[in-house]
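This report refers to the structure that appears directly beneath it.
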Amino acid sequence: MEYNFKEVEKKWQQYWREKKIYKALLDPSKPKCYVLDMFPYPSGSGLHVGHPLGYIASDIFARYKRLTGFNVLHPMGYDSFGLPAEQYAIQTGQHPAITTEQNIKRYRFQLDNIGFSFDWDREVRTSDPSYYKWTQWIFIQLFNSWYNPVHNKAENIETLIDHFRDQGNVDIDFPAGDKELFTAEDWINFREKKQQEVLLNYRLAYLSETTVNWCPELGTVLANEEVKDGLSERGGYPVERKLMKQWSLRISSYAQRLLDDLEKIDWSDSLKEQQRNWIGRSEGADVLFKVAGSDLDIQIFTTRPDTIFGATFMTLAPEHELVEMIVTPELREEVMSYVIEAKNRTERERMAEVKRITGVFTGAYAIHPFTNEKIPVWVGDYVLAGYGTGAVMSVPAHDARDYAFAKHFGIPIKEVVSGGNILNESYDAKEGKLINSDFLNGFEVKDAVRKAIAEIELRGLGKGKINFRLRDAIFGRQRYWGEPIPVYYKEGLPYVVDEKDLPVMLPEVDKYLPTEDGEPPLARARDFSYKGFPIETTTMPGWAGSSWYYLRYMDANNSERFASKEAVEYWRDVDLYMGGAEHATGHLLYVRFWTKFLFDRGLIPVQEPAKKLINQGMIQGRSNFVYRVKDSNTFVSEGLKNNYETVALHVDVNLCDDDVLNIKAFKEWREEFKNAEFILEDGKYLCGNEIEKMSKSKWNVVNPDDMIDKYGADCLRLYEMFLGPLELSKPWNTNGITGTSNFIRKLWKLMHKPNASHELELAISDEAPLKSEWKVLHRTIKKVKEDVDRFSFNTTVSTFMICVNELTDLKCNKRQILEPLAIIISPYAPHVAEEMWERLGHKESITKASFPIVNEDFLVESEFSYPVSINGKTKTYLEFPLSLKKEEIESEILKAEEVKKLLNGQSPKKVIVVHGRIINIVL
RNA sequence: GCGGGCGUGGCGUAAUUGGUAGCCGCACCAGACUUAGGAUCUGGCGGAGCGAUCCAUGGGGGUUCGAGUCCCUUCGCCCGCACCA
């Protein structure tokens, strides 16, 4: 019989499910391999062919690792808290849990269709109380921890309390903001309320009044990572800056470690670079400038302390608290109206108008700490409140922004580093010699920076400092569909819920909207309280559950702990993490942060979640167009469209095959096309095409289920891999799928022959293979192994094709060849491989087999004829027997008769041999 | 502006990582068989030339016996960050 993929795939999927073939057990006798995909948010539109790309690749890797003797953990789950289900709930009143459940069912069906080797007994759902119980538990650990800068790790808050009791806080760096000093005695005399307030300043999960990204449209705050170009990442609504009391996580304490440990992990350069940029470490100094005629100081941060003599003015961010205090009475009105205007501009407006230079003089002057000159203090919105100290010393000669500002307002420009032409533009480069700079004169920039910092510290004007761009992560969301924060309020102070009372269940509400007084939806819940005290009404952000899910898979059904000690000790970290690059500065930063935190607290044995990470490329859509002749119901084929005046219309790509329109289906597609007429070329209607993002509105969404129905799961798997390198973004194009489809048929035919009535029947030979057949096999095994090890799955598919073509040419149907062949193909095309395996007489699943070992003996060439170049030029052919050892090759070749003949008796100076072959002869 | 990546036939791509450029597949062309099909099989398929050969990896230059690969320069494309002091 012909290969019937529908029957075969169904049969094996059922077999795998029933026998729990892919169940992973903790087995210390075997090496572990943890292969993880980024779990999906189960959206209403289901999977399209782009989603499984990464899943297929990781599945291949997982299956390959199983065959090579690893105990593989390859789980899947759902990131099931999130906005779309909540938006839908707001519109329809349906509980998000119901929508989510429906979507998950659909996802599961689609995933099963592709034949993945997930261990579904370990499925996790972030919205499940048995899961978010532990998300809440980790939050409590964060709340009960502080970052000890001396030990450079998070510790139990009790150690801080002990320290306060013994020594106060004099010797402890305050993590953020101004430091209020107290002694041990002070601490003991503080009331409970005061103590708790102080501790809140040190906890890793803390409540504070901060400027947040407020999105009025979504009615919630967002983390920096969730804002793109001043718009919300989800929905694309404008975001404002707003001062609010909010829960935050102190990720900034981990900035240096998050940066340093990038060195230790095998992630792509671009992704690491994105994280480095996001963390944004810069070295420089904090310097104090006195305000003339007052005892106020302006603290600035600069990375160029060497240029301090070039500071001709200072600029404060409009939000800076000193603005109000230093502005002179005459200018107060003007300055404050500028401040208000600047504050009211949204982030987006501010960004869009980067080129616009605005600012206003405060009337106040600062005293230059070295020259004692009076320099004017300005307010300008090019200075950001959120970075450094929100104030800068402006050195127009050596900073492009200061330069533009100074030019615009006619402020003097003083050159202090030679090498540029400051009449035309600022000289920002960090090289050149210092001039006009007193004690720094003559130093190179690099040395001057060091010298300047030393001098600043010596004179008590400030000190060297490392600044990070990374801000603490805002953790509260004014939304319903998320994890409740396990906190209650007593006398206005937050306390965490007792661990034994977890989870704090998400309460039922009558509506999923904020209350009339603007409280989050949870405030609608009746009696949402703990021991009579009100519970926090904001919920956790979408990234909370995904920041530790990889740990839950290790022991997904544990009700005593987030995962048992044995499980985290055994599985440790992810060996291969597959997912999109869009999570570079969101999820992938948070999951590293939580991992380091849990490590610090002795809960897990690793500091990084994933050793190796691959970002699979996006699959774009390939839209098809039909061309309607203007004002008619006639459609003209693509090649002839220039002869008419036409309008291009998106047409459902599923109505086209290789860009040829299925006219019958098209007519049935929409009522208006029922009587459409067509102008054909070569008897066909050819559609135009264009690469666009895959989306419903563009009619270019290809559903994997349809592909599987038409070609089978194995064919889809092979084809998605064959499209090109994994990391590359590429358009989905089914035009080439016949290639992989043919391949599966050819593979099948290796062990089936047509009988008298032209039907295929099993034909396997038990004869010993010929050397040529062994050679084909072992070359393939070798190549496949190398390819999988370097994640080059597209070349592997080519390798399989070559192998099958060659075996077909050799008419090889030998069992000893087909068995290993089935094994090496099984990670890619598991269904057909299982079926072959069974037909070869095996009772057990092919997944229990072992990946064959390469026998190099079959690959050694004894004799060959190949082109050789002389002095890198002329090519000629040479036959030379090669059975020599590496070190013998050159000396033997040098005296070989053949070579001399070739050179008319001359002896070569040097023979270049690569992989046992003479490549070039130098005379 | 800064950072990361890329540029090879009509198309997707490959090249043992510095060693015969174009593997494999699609598309296309020719042929065979035929139960007439969008099946299967055989052959061809970067350019020029009857040919041996020559020219070709965005352009220019360099290192090397030898460069798609390394270096410099230039052009073009994609992605990320961006008033971060």
Side-chain angles (χ1 to χ4, degrees), chain A residues 2 228-229 268-278 280-282 284 300-305 307 315 317 350-351 353-357 380-384 386-395 398-402 404-405 428 467-470 581-582 584-585 615 617-618 657-660 718-719 722-725 727-731 733-740 742-743 745-746 749 754 758 782-783 786 790 792 794-803 805 808 866-873 875 877 908-915 917-923:
Chain A
E2 281 282 333
K228 290 249 151 83
D229 300 329
S268 75
D269 289 340
S270 83
L271 201 137
K272 286 187 189 180
E273 201 53 35
Q274 279 182 57
Q275 291 212 345
R276 282 190 198 106
N277 288 342
W278 191 263
R281 183 186 198 269
S282 49
I300 60 104
F301 174 73
T302 178
T303 55
R304 294 294 303 275
T307 63
T315 314
R350 217 162 138 162
M351 282 176 179
E353 294 167 4
V354 162
K355 293 280 177 297
R356 199 179 87 176
I357 296 160
D381 71 355
Y382 81 96
V383 177
L384 303 176
Y387 185 76
T389 60
V392 298
M393 68 171 196
S394 299
V395 184
H398 305 290
D399 182 285
R401 295 151 300 171
D402 296 340
F405 196 86
D428 295 14
N467 216 342
F468 293 97
R469 202 186 76 112
L470 183 69
E582 66 274 19
T585 53
N615 295 123
M618 283 242 287
D657 196 356
D658 283 9
D659 292 341
V660 177
L718 286 165
Y719 187 60
F722 187 64
L723 274 174
E727 285 101 328
L728 227 70
S729 283
K730 53 231 157 193
N733 181 352
T734 34
N735 289 354
I737 201 165
T738 44
T740 44
N742 281 340
F743 162 75
R745 255 203 302 269
K746 285 184 198 168
K749 278 193 187 166
H758 299 283
K782 190 176 178 189
K783 185 76 174 22
E786 284 167 1
R790 63 189 175 110
S792 176
N794 55 329
T795 54
T796 319
V797 181
S798 296
T799 305
F800 288 144
M801 288 178 174
I802 296 167
C803 175
N805 285 346
T808 306
Y866 44 81
V868 173
S869 48
I870 296 166
N871 283 343
K873 282 276 178 198
K875 273 172 207 156
Y877 283 80
K909 260 195 201 126
K910 194 181 169 194
V911 178
I912 290 137
V913 181
V914 177
H915 297 287
R917 296 183 180 203
I918 302 174
I919 296 296
N920 191 11
I921 296 169
V922 185
L923 291 172

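The structure presented is a predicted model; accordingly, all values stated were derived computationally and were not measured. FYI, side chains are in, hydrogens and waters are out, and symmetry mates aren't considered; it's all heavy atoms of this structure. Proteins come first, then strands; the chains are lettered A, B, ... in the order of their sequence lines, and each starts at number 1.
Between the CE atom of M801(A) and the C1' atom of rG12(B) there is a distance of 12 Å, rounded to whole Å. A straight line from CD of Q275(A) to P of rC81(B) spans 12 Å, rounded to a whole angstrom. In this entry the distance linking CG of N615(A) with C1' of rG5(B) reads 12 Å, nearest Å. At whole-Å resolution of the value, CZ in R745(A) and C1' in rG38(B) are 11 Å apart. In this structure, E582(A) atom CD and rC81(B) atom C1' are separated by 16 Å, rounded to whole Å. As rounded to whole Å, 5 Å separates atom C1' of rC24(B) from atom CZ of F722(A). In this structure, CD of Q274(A) is placed 10 Å from C1' of rG3(B), rounded to the nearest angstrom. Atom CZ of R281(A) is separated from atom C1' of rC2(B) by 18 Å (rounded to the nearest Å).
The CZ atom of R304(A) sits 13.0 Å away from atom OG of S282(A), with the distance rounded to the nearest 0.5 Å.
Nucleic acid contact class of I300(A) (heavy atoms, under 4.0 Å, all strands): none. As judged by a 4.0 angstrom heavy-atom cut-off over every strand, D402(A) is placed among residues making no nucleic acid contact. In this structure, T738(A) reaches the sugar-phosphate backbone alone: every heavy-atom distance under 4.0 Å involves primed, P, OP1 or OP2 atoms, never a base. Here P725(A) lies in heavy-atom contact (under 4.0 Å) with sugar-phosphate atoms only.
Within the 4.5 Å cutoff, the side chain of T740(A) has heavy atoms near those of the M801(A) side chain. Taking the side chain as every heavy atom from C-beta outward, S792(A) and N794(A) approach each other to under 4.5 Å.
Here the separation of rC72(B) from rG3(B), taken at their P atoms, is 14 Å to the nearest Å. Annotation: rC33(B) and rU20(B) have their C1' atoms spaced 37 Å apart (nearest Å). Nucleotides rG7(B) and rU16(B) place their C1' atoms 23 Å apart, quoted to the nearest Å. Distance noted for atom P between rG12(B) and rA67(B): 27 Å (whole Å). Comparing the P positions of rU57(B) and rG47(B) gives an interatomic distance of 15 Å, to the nearest angstrom. Straight-line distance between the C1' atoms of rG61(B) and rC75(B): roughly 15 Å, to the nearest whole Å. The P atoms of rG59(B) and rU8(B) are separated by 10 Å, rounded to the nearest whole Å. A distance of about 15 Å separates the P atoms of rA48(B) and rG9(B), rounded to the whole Å.
R276(A) has a carboxylate O that lies under 4.0 Å from a charged side-chain N of E273(A), or vice versa, which qualifies the two as a salt bridge.
When distances run from any side-chain atom of E273(A) to the nucleotides rA85(B), rG3(B), rC81(B), the shortest one goes to rG3(B). Of the candidates rA85(B), rC81(B), rA14(B), the closest approach to any side-chain atom of L384(A) belongs to rA85(B). Checking rA82(B), rG5(B), rC83(B) against every side-chain atom of D381(A), the shortest atom distance belongs to rC83(B). The N735(A) side chain lies nearest to rC26(B) when the options are rC24(B), rC26(B), rA14(B). Checking rG25(B), rG80(B), rA85(B) against every side-chain atom of D399(A), the shortest atom distance belongs to rA85(B).
Between R276(A) and rC81(B), a side-chain N or O to OP1/OP2 separation shorter than 4.0 Å is absent. Within the 4.0 Å cut-off from OP1 or OP2 of rA85(B), at least one side-chain nitrogen or oxygen of S282(A) is found. At least one side-chain nitrogen or oxygen of N742(A) sits closer than 4.0 Å to the OP1 or OP2 atom of rU40(B). Phosphate proximity of rA85(B) to Y387(A): present, with a side-chain N or O under 4.0 Å from OP1 or OP2. For N277(A), no side-chain nitrogen or oxygen approaches OP1 or OP2 of rG4(B) to under 4.0 Å.
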**Verdict with reasoning, K783(A) to T795(A), per side chain to side chain contact (heavy atoms under 4.5 Å, CB included)** = CA-CA 9 Å; K783(A) 185 76 174 22; T795(A) 54; 4.0 Å; yes

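The shortest heavy-atom contact between A584(A) and L271(A) is CB-CG, 4.1 Å. Among all heavy-atom pairs drawn from R469(A) and Y387(A), the shortest one is CA-CE1, 3.8 Å.
Along RNA chain B, the nucleotide nearest R469(A) and the nucleotide nearest T799(A) are compared for position; the residue whose nucleotide lies closer to the 5' end is T799(A). When each of S798(A) and T389(A) is assigned the nucleotide of RNA chain B with its nearest heavy atom, S798(A) is the one assigned upstream, toward the 5' end.
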Identify all pairs in which a protein N or O lies below 3.5 Å from an N or O of nucleotides 41-43 of chain B, and state each distance.
none

What nitrogen or oxygen pairs link the protein and nucleotides 6-11 of chain B at under 3.5 Å?
none

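For T734(A) (side chain) and I737(A) (main-chain N/O), no donor-acceptor pair under 3.5 Å exists by modelled atom type.
Using cut-offs of 30° and 60° on the angle between ring planes, the pair F743(A) and F800(A) is parallel.
Under the 90° criterion around 0 for the glycosidic angle, rG9(B) counts as syn. Taking syn as a glycosidic angle within 90° of 0, rU34(B) does not qualify and is anti.
Across every strand in view, rG80(B) sits in a pair with rC2(B) that passes the Watson-Crick or G-U test at under 3.5 angstrom.
Judged by atom type and distance alone, R790(A) reaches the base of rU17(B) through a side-chain donor-acceptor pair under 3.5 Å.
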